[in-house]
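Since this is a predicted model, take the numbers as computed values, not measurements. To find a chain, count down the sequence lines: A is the first, B the second, and so on, and within it residues start at 1.
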There are 2 protein chains.
Amino acid sequence: MAKGKAQKQVPRYLQVCNELVEMIRTGEVAVGDMLPTELELCDRFEISRHTAREALRRVEDMGLVERKRGSGTRVTAREAPVVYNQYVANIDELMQYGQATRLAICSAANDPVPARLASALGCKPGERMPHLLGLRSYRDQNSAPPICLTEIWIPHASANQAKLLLDLEKSERMLYKILDFSRLSRVRQTLSADSLATDAAELLEADPDSAALVINRRYHDLGDRLILMAISTHPKERFRYSTELRSQ
Amino acid sequence: MAKGKAQKQVPRYLQVCNELVEMIRTGEVAVGDMLPTELELCDRFEISRHTAREALRRVEDMGLVERKRGSGTRVTAREAPVVYNQYVANIDELMQYGQATRLAICSAANDPVPARLASALGCKPGERMPHLLGLRSYRDQNSAPPICLTEIWIPHASANQAKLLLDLEKSERMLYKILDFSRLSRVRQTLSADSLATDAAELLEADPDSAALVINRRYHDLGDRLILMAISTHPKERFRYSTELRSQ
DNA sequence: CAGGATTATTTGTCCGGACATATTCTACGG
DNA sequence: CCGTAGAATATGTCCGGACAAATAATCCTG
């Protein structure tokens with residue numbers, strides 16, 4: 001190889017990491033197969049176990065392999081998925097609203113689930129669960145029309161939680177206290193457009209049949225159980241949903 | 001507690017990591033300040049440098065500190081931002097469409113930028129740049145109405161690129177070849193609802209004034225320069241935008 | 001005092017070794 | 001044949017040491 005000295009630009013562990021990534025990319029080691037063990041890498045590349053581990057750690061960080069003590073290193077993907085990070089500071093921002101808005105609860109009842117929502121809620125049509133309806137507006141602008149109409153369904157609520165929820169006259173912040181959002185692991189959001197139904201239009205002080213942005217959010221806990229589903233209907237021009245995806 | 005040996009559940013480096021996180025959270029070490037050096041941690045916690053580094057690595061992975069060789073470890077955030085990862089396999093998926101659809105280009109010209117888009121495109125109203133218009137539909141269903149109308153603006157195109165773009169009769173895949181999407185670093189998406197203008201409605205085979213989901217996507221390169229802006233208008237019920245946010 | 005050269009500090013890379021703990025394999029016994 | 005106990009295997013944790021490289025601080029010189 002004839003390395004005088006300055007060849008050292010790329011650290012050894014990165015070289016090994018790259019070779020491993022390449023082995024996976026070309027399919028020399030297929031998805032599902034085991035990568036060489038740390039000690040085998042030590043032999044093959046003439047490196048210490050520390051260096052082998054550093055290389056494997058990088059490959060793991062790329063999301064290409066899964067390591068398990070006692071078992072080994074298994075390939076889980078052929079190419080690194082492009083990961084975009086979306087940073088969200090707190091639960092409010094996750095709900096896409098800051099401190100500036102509040103949700104005024106219009107009604108709260110133990111309602112039967114309509115057929116169109118049954119599958120999304122993972123229950124049978126007609127089953128009853130806590131169901132809230134509220135209007136979100138800017139905290140300081142009482143005269144302005146609301147930003148959106150929000151419908152909330154809460155499956156798997158305990159009897160005690162249900163009681164608290166139905167008494168709910170306060171802001172939505174109480175929701176976070178009653179439900180355990182600290183166990184949040186996954187949120188699925190679906191955005192679509194629809195025209196406003198007449199009753200919704202009235203509440204929202206908007207024209208019937210005008211366009212609206214509908215956001216359906218489902219919050220799952222660590223056990224992947226649906227904690228809450230919220231459907232927000234925003235008349236056009238009152239709301240925009242923005243996300244920024246950053247690579248790596 | 002009182003367990004003779006099984007106390008070892010939590011590894012030492014994690015204990016140290018937790019103490020450091022706590023120091024940051026309580027403000028004992030403020031944002032902008034330096035964390036103790038590796039050697040200081042070795043002394044203070046009576047651990048090896050390897051263990052200190054492992055602890056610091058974890059804190060770094062949480063996004064709380066920034067490490068720099070020769071300088072030290074600086075606190076960059078008081079609390080770990082909730083990071084949601086969104087995995088996107090390739091540029092197609094980033095555009096939110098798989099292989100199943102294709103964009104048929106209707107028109108391509110060097111058009112003046114309308115006033116309402118000037119600020120988003122970072123240019124003066126009336127400035128000219130390559131501008132494409134196309135209809136996206138399912139690849140195999142030619143009879144079905146299109147999914148959306150897509151308007152594409154390309155600022156900073158070189159003369160050569162502009163020439164290629166205006167000749168564009170092919171699928172949008174050519175766009176990826178003409179423009180350098182490998183340098184993609186940031187995508188900002190904004191979703192809103194609007195009613196369909198009559199001309200758009202005609203192209204889309206939809207009712208005028210009916211609701212539509214409008215997605216504005218801006219693609220920035222590593223130098224944070226706007227590569228491309230695309231505005232897609234989806235008549236209601238033809239498209240839903242879904243994302244799944246996973247914590248850590 | 002300004003600016004460059006030198007030195008000290010701090011993290012990065014890499015080696016060696018040892019034991020712990022989780023998993024898998026194997027051999028044994030019922 | 002099955003299940004279990006033990007052995008073998010593989011990664012996790014933790015220690016020690018050494019030198020490299022980048023940065024920051026200091027000193028020196030014009």
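Look at A:Arg53 and you won't find any side-chain N or O under 4.0 angstrom from OP1 or OP2 of D:dT11. Between A:Thr51 and C:dT13 there is no side-chain polar atom (N or O) within less than 4.0 angstrom of OP1 or OP2. Regarding contacts with the backbone of D:dG12, a side-chain N or O of A:Arg67 is found under 4.0 angstrom from either OP1 or OP2.
Against DNA chain D, the stretch residues 36-47 of chain A makes heavy-atom approaches under 4.0 Å through A:Thr37, A:Glu38.
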Side-chain donor-acceptor contacts of residues 71-78 of chain B below 3.5 Å, not counting sequence neighbours, with atom names and distances?
from, atom 1, to, atom 2, distance (Å)
B:Thr73, OG1, B:Arg67, NE, 3.2
B:Arg74, NH1, B:Gly32, O, 2.6
B:Thr76, OG1, B:Leu64, O, 3.0
B:Arg78, NH1, B:Arg25, O, 2.1

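Counting only N and O atoms by type, the side chains of B:Tyr241 and A:Gln189 include no donor and acceptor under 3.5 Å apart.
Taking the charged nitrogens against the carboxylate oxygens, A:Arg58 and A:Glu54 do have a contact shorter than 4.0 Å, which makes a salt bridge. Look at A:Arg12 and A:Glu19 and you find no salt bridge, because none of the NZ, NE, NH1 or NH2 atoms lies under 4.0 Å from a carboxylate O.
Judged by distance alone with a 3.5 Å cut-off, a donor-acceptor contact links the side chain of A:Arg49 to the base of D:dG12.
The ring-ring contact (aromatic ring centres under 6.0 Å, His included) search around B:His220 returns none, not counting sequence neighbours. By the side-chain hydrogen bond (donor to acceptor under 3.5 Å, both in side chains) test, A:Thr37 is found to be paired with no residue, residues two or more places apart in sequence or in another chain being considered.
Residue pairs meeting the ring-ring contact (aromatic ring centres under 6.0 Å, His included) criterion with at least one member in residues 42-64 of chain B, sequence neighbours excluded: A:His50-B:His50.
One can place NE2 of A:His50 at 9 Å from C1' of C:dG12, the figure rounded to the nearest angstrom.
Judged by distance alone, with hydrogens and angles left aside, the side-chain atoms of B:Asp33 form no donor-acceptor pair with the main-chain N or O of B:Val29 at under 3.5 Å.
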Measure all distances between protein nitrogen or oxygen atoms and nitrogen or oxygen atoms of nucleotides 23-26 of chain C, and list the pairs falling under 3.5 Å.
from, atom 1, to, atom 2, distance (Å)
C:dT23, O4', A:Arg69, O, 3.4

